[in-house]
There are 2 protein chains.
Amino acid sequence: MRLSKRGEYGLRAMIDLAILEPETGNGVVQIKEIAEREKIPAKFLEQILLTLKNAGLLHSKMGIGGGYYLARPADEITLGHIIRILDGPLAPIRCVSQMAYEPCGCPDERTCGLRLVMLDVRNAISDILDKTSLMDVCKRVEDAHLKLEEPSSSPQHD
Amino acid sequence: MRLSKRGEYGLRAMIDLAILEPETGNGVVQIKEIAEREKIPAKFLEQILLTLKNAGLLHSKMGIGGGYYLARPADEITLGHIIRILDGPLAPIRCVSQMAYEPCGCPDERTCGLRLVMLDVRNAISDILDKTSLMDVCKRVEDAHLKLEEPSSSPQHD
DNA sequence: TAATAGTATACTAAATATATAGAGTTTATA
DNA sequence: TATAAACTCTATATATTTAGTATACTATTA
């Protein structure tokens, strides 16, 4: 049930881009910057961002002052979409995948116990990842920062 | 986010054992039988069942008339437990794993956006798999069979 | 004591994951 | 217009995991 490094790095980079977007003006950020900030091997990240670009989630600008930027508003890019591009289907087992269905060879799918449960799992995962956008993540990060600065919520004795 | 063949085969075999249990009297079933019924390579299944036995979920009987049987009542064995034994942690990323935590290297876990979302995913998966027992699966399979036999629920015009 | 059935390891081929390398292309700007 | 910055593209390399095979061994029972 694991996310690959490829998927993890891609998500981190996209979140990084989304968070920086309001600060940079045009939203353009270099691979090298992202790689350093997120501790990702730069050459590996190149491939990942290129894949994401070819899938239409990123645009890029070549040459001096160039870099990558989100192809769409942050609230229109979901984590589920990013993961599907980099790691394939969310479903734990192909016979419950919406985007990449394959029969699993059980005698009758309608009464296959494993399938019934895994369908629930797939839906639970999709309910989160397909409904969480980069914008949502930005908000949660911001909220988490605010919560840290406001010590009233976790009272300390002097 | 995928379940390995090892995990899938193990789950299918355990479900098979749980379903057969009431019919066989002592619940003892041979590897070969399970392998044929579930279309699993027998030698591979041997390894898997042995692992499950060493983890304490199965008992076995050697010699003629031998085989494997559940070490505990079917309602005390969860799918989450089986998967953890065969495939490792349920969590998509180590830094949100309960059983196999590892830091991911982000500057601050408390404000890491990826971690916040993946924690939700881990919990959603665990909420299903750690709360679904082999007995629950048996019931769902039975219900599904009943539903198929009762055509009233899906009316057909003659 | 022979057949049955699980035990235990070792091995291997293929796929996948995780990168690394290097030559090429585009762009800004000095 | 030359140069350096930055992305593009493809190939290659390495390590790990997956999925399975092989083989010799041990225990049980008819």
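Below, chain A is the first sequence line, B the second, and so on; all start at residue 1.
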Looking for any heavy atom pair under 4.0 Å, which part of the strands does L49(A) touch: base, sugar-phosphate only, or nothing? nothing
Side-chain N,O (S60(A)) to OP1/OP2 (dT8(D)) below 4.0 Å: yes
Compare the minimum distances between each of [options] and the side chain of [X], then state the nucleotide with the smallest one.
X	options	answer
R2(A)	dT18(C), dG6(C), dA11(D)	dT18(C)
I64(A)	dT21(D), dT27(C), dA3(C)	dT27(C)
F44(B)	dT21(D), dA19(C), dT18(C)	dT21(D)
M62(B)	dA19(D), dT28(D), dC7(D)	dT28(D)
P41(B)	dA19(C), dT18(C), dT21(D)	dT21(D)
Q30(B)	dA5(C), dT7(C), dG20(D)	dA5(C)

For [X] and [N], what is the distance between atoms [atom1] and [atom2] respectively, to the nearest whole Å?
X	N	atom1	atom2	answer
Y68(B)	dT28(D)	OH	P	14 Å
Q47(B)	dT17(D)	CD	P	16 Å
E8(B)	dA19(D)	CD	C1'	12 Å
H59(A)	dT8(D)	NE2	P	11 Å
L86(B)	dA19(D)	CG	C1'	13 Å
Y69(B)	dT28(D)	OH	P	11 Å
E46(A)	dC9(D)	CD	C1'	10 Å
K61(B)	dA27(D)	NZ	P	16 Å

5'-most by nearest nucleotide on DNA chain D - A42(B) or D87(B): D87(B)
Are L20(A) and L57(A) connected in a single hydrophobic cluster, I mean Ile/Leu/Val/Met/Phe/Trp/Tyr linked by side-chain heavy atoms less than 4.5 Å apart? yes
On DNA chain C, does the nearest nucleotide to K32(B) precede the nearest nucleotide to S4(A) from the 5' side, or the other way round? Give the residue. K32(B)
Does a donor on one side chain and an acceptor on the other come within less than 3.5 Å for D136(B) and S133(B)? yes
Minimum heavy-atom separation for H81(A) to D130(A), with atom names? N-OD1, 4.2 Å
Which heavy atom of L17(A) sits nearest to which heavy atom of L58(A), and what is that distance? CD1-CD2, 3.7 Å
Rounding to 0.5 Å, atoms NZ (K39(A)) and SG (C106(B)) come to a distance of 8.0 Å
Kindly say whether, by distance alone, the side chain of K43(B) makes a donor-acceptor pair under 3.5 Å with the base of dT23(D)? yes
